[in-house]
Amino acid sequence: MRAAPTILHLDMDAFFAAAEQAAKPSLRGKPVVVGGLGPRGVVATASYEARRFGVHSAMPMGQARRLAPNAAYLVPRFAFYRSISEQVMELLGRLSPLVEPLSLDEAFVDLEAGGLADDSAGARVVGERLRADILATTGLTGSVGLAGSKMIAKIASEEAKPDGLVLIEPGTERELLGPRSVRILPGVGPATGEHLRRAGMTTVSDLAEAGEDELVRLLGRAHGASLYRMAQGYDDRAVVAERDAKSVSVEDTFDVDLHDRVRIRTEVERLADRCVARLRASGHSGRTIVLKVRRYDFSTLTRSDTLRGPTDDPVVVREAAGRLLEAVDTTGGVRLLGVGVSGLADYTQEDLFAQAEEERAAVAIAEAEAGAGADAVEAVGGGAAVSSEPESAGVVAVERRWAPGHDVRHAVHGAGWVQGSGVGRVTVRFEDPWSAPGRVRTFSVDDPELEPSEPLPLVRGECGAEA
């Protein structure tokens, strides 16, 4: 614990939704929900206007639509959010060499390590300047908490929302925490919270009064002892600049339960390829392949296979995931599949047989492409593939899909975004981040004058992000 509030926690306000409102003038001040729009989609972020209706993160999208039927429902644009996050993290890096990102929109900063603050007044000045710099750079607001520990700084930023700053003086932690719910403490989720409630402990002061021995008896040595210290206001966790990844994984939830075994195997192989792409991008390889299957009844099975050495070979990962799938009963239907790699390393032990097989596959693909003609190139537009060759050349044109919220540009009307699509039509609102709310027009989904576009910058003079 520190004697001065020099640990800063930044949390951007309703980040995804706020970024969409900043990019779309017609949505400002209105309820906006960002997330998966399928029957089994969940809410990623809800604007504060949507939260007034009871919509919140991780809520099923169907429930959100019932609570706020008139809200704008948009598909996430993660590359856009990531570009804004990079700007924010750059500002944090100017404050201190110790910045611990927790997500795209949240991070801890050790101001003491940056030499910018050694007392409450200095910390407050730094926090207010940071908020102003974020607004000027991104056009978005963030809330700042300042305290002598990470736990209290995070609580402070939550109290500061939206668009505020709260500083909690060291030495006042127990008074602050006492009347709060036990759920405010790190590591107390729904299950632990219910376990404590059944034992008669609902507030942090209840935990402090129960004593360490009782918490250890209820929760085990490590968790009980840690929780007792936090209930006393103690948290000596350091701000860590680099957080080593322990695993890499990807998963998909399906709108309709999958029953066909061949389709399930195909999806597992596709997920394995995506997982390997992410693994390679992080510069790692891994030894343990993990398969996750959530069945029709919400029961979740996890199976793993540890290889002789680390690999980043897609053929090896596909085959291992396929073997794990063979041991799982999917007859009732599958609603979610995931593939992961853990036991990460910075090197790869090559599997020569798999490498040879991949090379043969690459040759076969090249020969097939040569036979079909090198000019038949696919371009991605609005989430679906569109052939660059006309139908008369023997290539079948595929109808483009336009995701709600994604950027487009029309040859005549300029920049806009997709409000919705269906029955062969797409509705576009034409506006940009600096304009008044724009007009709405509807086009055929295959209108040649309408194309996907990169997002425009939220602040004039900044470079746009890739969609």
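Values below: all heavy atoms of this structure, side chains included; hydrogens, waters and symmetry mates excluded. No experiment lies behind these values; they were computed from the predicted model shown.
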Under the 3.5 angstrom rule, does the side chain of Gln419 hit a backbone N or O of Thr427 as a donor-acceptor pair? no
Can you see whether Glu106 engages His9 through a side-chain donor-acceptor pair at a distance of less than 3.5 angstrom? yes
Salt-bridge test for Glu269 and Arg265: reply yes if a basic N is under 4.0 Å from a carboxylate O, no otherwise. yes
Does the side chain of Val166 come within less than 4.5 Å of Leu146's, by heavy atoms? no
Lys/Arg-Asp/Glu bridge criterion (N-O < 4.0 Å) met for Asp163, Arg131: yes
Test log, rule side chain to side chain contact (heavy atoms under 4.5 Å, CB included), inputs Asp273 and Arg318: CA-CA 7 Å; Asp273 289 342; Arg318 279 199 302 268; 2.5 Å; yes
Heavy-atom side-chain contact between Ile152 and Ile7 under 4.5 Å: no
So that I can tick it off, tell me whether Arg77 and Glu20 are bridged by a salt bridge, with the cut-off set at under 4.0 angstrom between side-chain N and carboxylate O. yes
Compare all side-chain heavy atoms of Val293 with those of Leu336 and state whether any distance is below 4.5 angstrom. no
Can you find a pair of side-chain heavy atoms, one from Leu37 and one from Met61, that are under 4.5 Å apart? yes
For the CG atom of Asp13 and the NZ atom of Lys161, what is their distance to the nearest 0.5 Å? 4.0 Å
Can you check whether Gly145's main-chain N or O pairs, donor with acceptor, with Ser157's side chain at less than 3.5 Å? no
Tell me which donor-acceptor pairs under 3.5 Å the side chains of residues 338-345 have, and how far apart each pair is, sequence neighbours excluded?
none

Quick one: do Arg82 and Glu86 satisfy salt bridge (Lys or Arg N to Asp or Glu O under 4.0 Å)? Show the steps, please. CA-CA 6 Å; Arg82 191 174 296 110; Glu86 289 170 355; 5.9 Å; no
Consider side chain to side chain donor-acceptor pair (under 3.5 Å). Of Lys30, Arg28, Gln21, which one does Glu49 pass it with? Gln21
Ala19 and Ile84: which non-hydrogen atoms are nearest, and at how many Å? CB-CD1, 4.0 Å
Any side-chain heavy-atom pair from Tyr81 and Asp105 closer than 4.5 angstrom? no
Less than 4.0 Å between a side-chain N and a carboxylate O, is that true for Arg270 and Asp252? yes
Please, which pairs that meet salt bridge (Lys or Arg N to Asp or Glu O under 4.0 Å) have at least one residue in residues 167-193, sequence neighbours excluded? Glu159-Arg180
Charged N to carboxylate O below 4.0 Å: is that the case for Glu454 and Arg409? no
Taking C-beta and beyond as the side chain, do Leu74 and Val32 meet within less than 4.5 Å on heavy atoms? yes
Hey, are Ser96 and Asp110 close enough side-chain-wise for a donor-acceptor pair under 3.5 Å? no
Value for NE2 (His284) from OG (Ser247), rounded to nearest 0.5 Å, stands at 11.0 Å
Measuring from Lys24:NZ to Arg429:CZ, what's the distance to the nearest 0.5 Å? 11.5 Å
Give the intermediate values and the outcome of side chain to side chain donor-acceptor pair (under 3.5 Å) for residues Arg287 and Thr306. CA-CA 6 Å; Arg287 291 188 62 197; Thr306 299; over 6 Å; no
Do the side chain of Tyr48 and the main chain of Pro31 share a donor and acceptor less than 3.5 angstrom apart? no
Ser282 side chain vs Leu279 backbone, donor-acceptor pair below 3.5 Å: yes
Shortest non-hydrogen contact between Ala68 and Val55, atoms and distance: CB-CG2, 4.0 Å
If you draw a 6.0 Å radius around CZ in Arg2, do more than 12 non-hydrogen atoms from other residues or ligands fall strictly inside? yes
Minimum heavy-atom separation for Val248 and Cys275, please, with both atom names. O-SG, 3.5 Å
Restricting to non-hydrogen atoms, name the atom on Leu104 and the atom on Ser85 that form the minimum distance, rounded to 0.1 Å. O-OG, 2.6 Å
If you look at every heavy atom in Ser453 and Val408, which pair is closest and at what distance? CB-C, 3.6 Å
Quick one: pull up CZ in Arg303 and CG in Leu324 and give me the separation to the nearest 0.5 Å. 9.0 Å
Look at Asp11 together with Lys154 and state whether they make a salt bridge at an N to O cut-off of under 4.0 Å. no
Do any N or O atoms from the side chain of Ser299 and from the backbone of Arg295 form a donor-acceptor pair under 3.5 angstrom? no
With side chains defined as the heavy atoms from C-beta onward, is the minimum distance between Val34 and Val43 less than 4.5 Å? no
Between the CD atom in Gln232 and the CG atom in Leu227, the distance rounded to the nearest 0.5 Å is 10.5 Å
Could Glu251 and Lys292 be called an ion pair, given the rule that one side-chain N must be under 4.0 Å from one carboxylate O? yes
Nearest 0.5 Å, please: how far is OG1 in Thr138 from CZ in Phe15? 7.5 Å
Compute the ring centroids of Phe78 and Phe16, then answer whether they are less than 6.0 Å apart. yes
Where Val144 and Ala160 come nearest, the two heavy atoms and their spacing: O-CB, 3.7 Å
Donor-acceptor side-chain pairing of Thr311 and Ser285 below 3.5 angstrom: no
Salt bridge check, Asp235 against Arg229: does any charged N sit closer than 4.0 Å to a carboxylate O? no
Does Arg425 make a cation-pi contact with Phe443, if we ask for NZ or CZ under 6.0 Å from the ring centre and within 45° of the axis? no
Quick one: do the Thr288 and Ser304 side chains pair a donor with an acceptor below 3.5 Å? no
Indicate yes or no: at least one non-hydrogen side-chain atom of Phe430 is less than 4.5 angstrom from one of Arg439. no
Begin with the C-alpha distance, continue with both residues' side-chain angles, and end with the deciding distance and a verdict on side chain to side chain contact (heavy atoms under 4.5 Å, CB included) for Leu337 and Phe254. CA-CA 8 Å; Leu337 290 169; Phe254 305 102; 3.8 Å; yes
